[in-house]
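Only a predicted model underlies this, so the values are computations on that prediction, with no experimental measurement involved.
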Amino acid sequence: MLPIKDDNDTYEIRHGIGYSVLTRTSHGIKSVLTQYVSADKPMEYMVLELENLTDSKRELDVTGYFEWACGMAFDTHREFQRLFYDLQFDKKLNSITVNKCLWGFPDEKGRYNNDTWPYTAFFACSERADSFDCDKTTFIGMYRDEKTPLAMEQQHLAGSCGRYCEPVAALRVKCNLDGLQRKTIVFNLGMAKIGEEDYVALIKNNSVKDAARELDGAKTMWKDLLQNEVVSSCDESFDVMTNTWTKYQALSGRMWAKAGYYQISGGIGYRDQLQDSLIGLESKPELTRRQILLHASKQFNQGDVLHWWLTYNNAGPRTKCSDDFLWLPFTVVNYLAETADTSVLDVNVPFLDGGEGSVYEHCKRAILYSFSMTSQRGVPLMGAHDWNDGLSAMGHGLKGESFWVAEFLYWIITRFDKIAEFKDDAEFAKQMREHAVSVKENFNKYGWDGEWFLQGTNDLGEKVGSHECAEGKIFLNPQIWAVISDITDDERKRIAMKSVQKYLLRDYGALLLYPEYKTPHTEIGYITRYAPGLRENGGVYTHAGTWAVWAFALMGDYENAYKAYAGICPPNRCADIDKYMSEPYVLPGNSDGPNSPYFGRGSWSWYSGSAQWLHRVAVQYVLGVRPTRDGLLVSPCIPKQWDGYKYVRKFRNAEYTIEVKRTGVSKMVVDGKQIDGNVVPDFREGKHSVEVQI
């Protein structure tokens, strides 16, 4: 579509599930560009359909162009881009191939800058290339930019290649169209692991027929992933996000690409992708199982883990973060509740520093390591930080405490003790129960601030998240997780959630803290160095905002649960899209808080761990359908304006159609028979109808 940028007769961008279509009509030529990734091959397809809308013959050039970033994001300095690439044009294959020496990674002996990228990348075309170029300088021009590239003024591309180019890929093909004639050209981009995959065979999958087959395959894959559970309610925004976009975002952006427009990552976060993998539980629980095994392999014998790592070379930092390792048992608890697949507990997985143990043993060591990270007052240590990475200076000396970790740990051990019993590990089950009593007692003794719970204390013993603080008086997480974990009594839950409603719940969701920090605090962390009202510093940090829905629902506060949900649901935000400034179908990582001049602006879209959580709280706490050992518990928390809903989902190889109706009478009928309670039995097979009256 570039670089002309002239007026168009028509211009449309349409995003489907697994593909995007860009349609343009200009100068009597209609072009339709469809882009997608193969379901089972490491390849992206760019299919360009051209149509001559006039009676005259037209002679066109079509040029595909992009910059390479192999191995990692663009090398540290632009000049480095010239040093390590080897770019060649293979005339026989009609493609550009790329290999690279790596910079910034150690080899197998730990020697940095001494390794080779183990892939061959390629850019190919279904039509014979008239010319090519591999050097950005010759394509763009010395004093030009992408809006006015020199190459588009020349009859042929420069033909630069080899070891001395700033790496790009450009292929140009001639396309002559008779009057009213159509033609389709396929460009494909891909990579093959050296010694394992044949890049030549992949390149040859670039005919129009091949491209059509791959598009069908991508659509089929997504249909299979998304349609195992479907909700129909009176709220179209709720339905479209729950049925489609939260699942699509969590899988495509977080689990697979591990990148977004605002963050080029590629790394796997220990806590991040474990949480993301929960998106598969209702549709494809094997995705969650696979992630459990992968993350268990990134644990050290003492129970701590890599904070994140790269798929290449497993490079990543080992830190004193106080919550990372606990997400493994958290995920296992949720996986077992959904699947009852206890076999996962017995799978042996290696430790990073030698030896191996079962998944159960990995979870046990994570919990025991958390027990060891406890202050003299019996409260979990903050360490390098807890879930809130921005609290990075509170516990550097291993004295600061995190009351949120106390809640998170309590949630885990009051559930994992049952798993220990199942494994005949009575001693560990007893140890967890005793520790739960201690954690609960000390949390309530030291964490209560009168109207809400503290976030923590720093190494100096100073309170954070207290009415005594001039800034950051109240944090969201300790209040909502007090409810979620059930670590405190009902009265304190009520008071804490009333404070959430008073100070934190806004039109666009729940703020992470209030009031925001306006000055840096060296004993708290970099959260205080963010601009006031942005991200964690007084903005709506969507990840935690979804947990607020969870907590309000558990309190039976239907209206505030739905207010917390609706405020962050993207389609609800698009009435003033110039204010929101984010996609109306993709969850942003955060929205600016009320004291930002851009209050309500969405930021950090696509690459946000909140997508899975918005889906999870929608189905488990608004619809109220959640798995238990014995079956599906149905406890709706829908707002007054809903008359009910219909929800179809699979559960342990059976399919359930659940219809909830507001009648004023509580009753559950399963397969035509009224049953006591609100748990649908685990039938394990067949199709079953459930009618719930509320």
Side-chain angles (χ1 to χ4, degrees), residues 1-4 20 22 24 29 31-38 41-50 58-70 81-82 85-100 119-141 144-177 183-192 199-212 214-215:
M1 304 301 176
L2 294 174
I4 300 173
S20 293
L22 292 77
R24 178 191 187 205
I29 300 294
S31 61
V32 180
L33 179 67
T34 305
Q35 296 179 274
Y36 51 94
V37 174
S38 167
K41 298 180 182 65
M43 294 173 64
E44 177 183 352
Y45 285 83
M46 293 148 277
V47 180
L48 180 63
E49 302 171 74
L50 296 171
R58 309 295 294 274
E59 296 182 358
L60 307 175
D61 285 340
V62 177
T63 303
Y65 168 86
F66 64 90
E67 299 183 36
W68 293 105
C70 299
Q81 292 287 90
R82 298 179 183 274
Y85 283 85
D86 183 8
L87 306 107
Q88 301 295 334
F89 176 70
D90 189 317
K91 186 174 182 180
K92 184 177 180 181
L93 290 173
N94 194 44
S95 71
I96 292 171
T97 59
V98 185
N99 293 100
K100 187 186 178 186
Y119 297 91
T120 296
F122 58 84
F123 183 51
C125 184
S126 61
E127 297 291 313
R128 177 60 54 187
D130 173 71
S131 57
F132 72 92
D133 199 3
C134 300
D135 191 355
K136 183 176 181 179
T137 302
T138 54
F139 187 91
I140 300 295
R144 304 287 192 99
D145 57 28
E146 283 80 357
K147 295 180 181 178
T148 58
L150 180 64
M152 302 308 290
E153 300 173 7
Q154 298 174 329
Q155 186 174 359
H156 300 288
L157 300 181
S160 302
C161 62
R163 290 297 306 273
Y164 300 93
C165 301
E166 184 174 359
V168 301
L171 292 174
R172 176 174 292 173
V173 299
K174 298 291 185 181
C175 181
N176 298 327
L177 296 174
K183 187 174 184 62
T184 301
I185 301 170
V186 178
F187 290 92
N188 60 330
L189 168 69
M191 57 189 282
Y199 75 89
V200 174
L202 290 173
I203 287 173
K204 291 180 178 179
N205 283 281
N206 70 345
S207 70
V208 174
K209 185 177 180 180
D210 291 330
E214 295 296 340
L215 179 57

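- Shown are Tyr65, Phe89, Phe139; of these, the ring-ring contact (aromatic ring centres under 6.0 Å, His included) with Phe132 is made only by Phe89.
- For the residue pair Asn188 and Ile203, the shortest heavy atom distance occurs at ND2-O, 3.7 Å.
- For the ring-ring contact (aromatic ring centres under 6.0 Å, His included) test, no residue two or more places apart in sequence or in another chain qualifies with Phe122.
- With Asn94 contributing its side chain and Asp90 its backbone, the two residues share no donor-acceptor pair below 3.5 Å.
- A donor-acceptor pair under 3.5 Å links the side-chain atoms of Asn99 to the main chain of Tyr119, judged by distance alone.
- For Phe66, the ring-ring contact (aromatic ring centres under 6.0 Å, His included) partners at least two apart in sequence or on another chain are Trp68, Phe123.
- Atom OG1 of Thr138 and atom CG of Leu150 lie 8.5 Å apart (nearest 0.5 Å).
- Contact annotation: the side chain of Leu22 approaches that of Gln35 to within less than 4.5 Å [non-hydrogen atoms, C-beta and beyond].
- Distance NE2/His156 to CG/Asp61: 8.5 Å, rounded to 0.5 Å.
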Might you work through the side-chain contact (heavy atoms from CB on, under 4.5 Å) test for Val37 and Met43, ending with a clear yes or no? CA-CA 6 Å; Val37 174; Met43 294 173 64; over 6 Å; no
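- Residues satisfying the side chain to side chain donor-acceptor pair (under 3.5 Å) test with Arg163, not counting sequence neighbours, are none.
- Side-chain contact between Asn176 and Arg58: absent, with no pair of heavy atoms (C-beta onward) separated by less than 4.5 Å.
- Contact annotation: the side chain of Pro167 never approaches that of Val98 to less than 4.5 Å [non-hydrogen atoms, C-beta and beyond].
- Residues Ile29 and Leu60 have side chains in contact (heavy-atom distance under 4.5 Å, counting atoms from C-beta outward).
- The closest donor-acceptor contact from the side chain of Tyr45 to the backbone of Asn206 lies at 3.5 Å or more, if one exists at all.
- When all heavy atoms are compared, the tightest approach of Lys204 to Asp210 is O-OD2, 3.4 Å.
- A distance-only check finds a donor-acceptor pair linking the side chain of Tyr36 to the backbone of Ala211 [under 3.5 Å].
- Note that CG of Asn205 is 5.0 Å distant from NZ of Lys41, once rounded to the nearest 0.5 Å.
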List the steps and the verdict of side-chain contact (heavy atoms from CB on, under 4.5 Å) for Glu146 and Ile140. CA-CA 6 Å; Glu146 283 80 357; Ile140 300 295; 4.1 Å; yes
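- Of the possible polar contacts, none joining the Asp133 side chain to the Leu157 backbone as a donor-acceptor pair under 3.5 Å is found.
- Atom CZ of Arg128 and atom NZ of Lys91 lie 7.5 Å apart (nearest 0.5 Å).
- Using a distance-only test at 3.5 Å, with no hydrogens or angles considered, no donor-acceptor pair links the side chain of Lys183 to the main chain of Leu50.
- Side-chain contact between Arg172 and Met152: present, with at least one pair of heavy atoms (C-beta onward) separated by less than 4.5 Å.
- What you find for Cys134 and Cys165 is that their closest heavy atoms are O-CB, 3.3 Å.
- Side-chain contact between Thr34 and Ser20 is absent, with no heavy atoms from C-beta onward closer than 4.5 Å.
- Checked by atom type, the side-chain pair Glu49/Thr184 shows no donor-acceptor distance below 3.5 Å.
- Between the side chain of Asp135 and the backbone N or O of Glu166 there is at least one donor-acceptor pair closer than 3.5 Å.
- At least one donor-acceptor pair closer than 3.5 Å links the side chain of Ser126 to the backbone N or O of Val186.
- Scored by the side chain to side chain donor-acceptor pair (under 3.5 Å) test, Ser131 finds no partners at all (sequence neighbours excluded).
- Side-chain contact between Thr137 and Arg82: present, with at least one pair of heavy atoms (C-beta onward) separated by less than 4.5 Å.
- Gln155 approaches Asp130 most closely through the heavy-atom pair O-OD2, 4.3 Å.
- Evaluation of the side chain to side chain donor-acceptor pair (under 3.5 Å) rule for Gln88 yields Asp86 as partners, not counting sequence neighbours.
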Derivation of the salt bridge (charged side-chain N to carboxylate O under 4.0 Å, His left out) call for Arg144 and Glu153: CA-CA 12 Å; Arg144 304 287 192 99; Glu153 300 173 7; 3.0 Å; yes
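- Among residues two or more places apart in sequence or in another chain, the ring-ring contact (aromatic ring centres under 6.0 Å, His included) test is passed with Tyr199 by none.
- Put simply, the side chain of Ile185 reaches to within 4.5 Å of the side chain of Val173, judged on heavy atoms.
- Tested against Cys125 for a side chain to side chain contact (heavy atoms under 4.5 Å, CB included), the candidates Ile96, Leu171, Val62 yield a single pass: Leu171.
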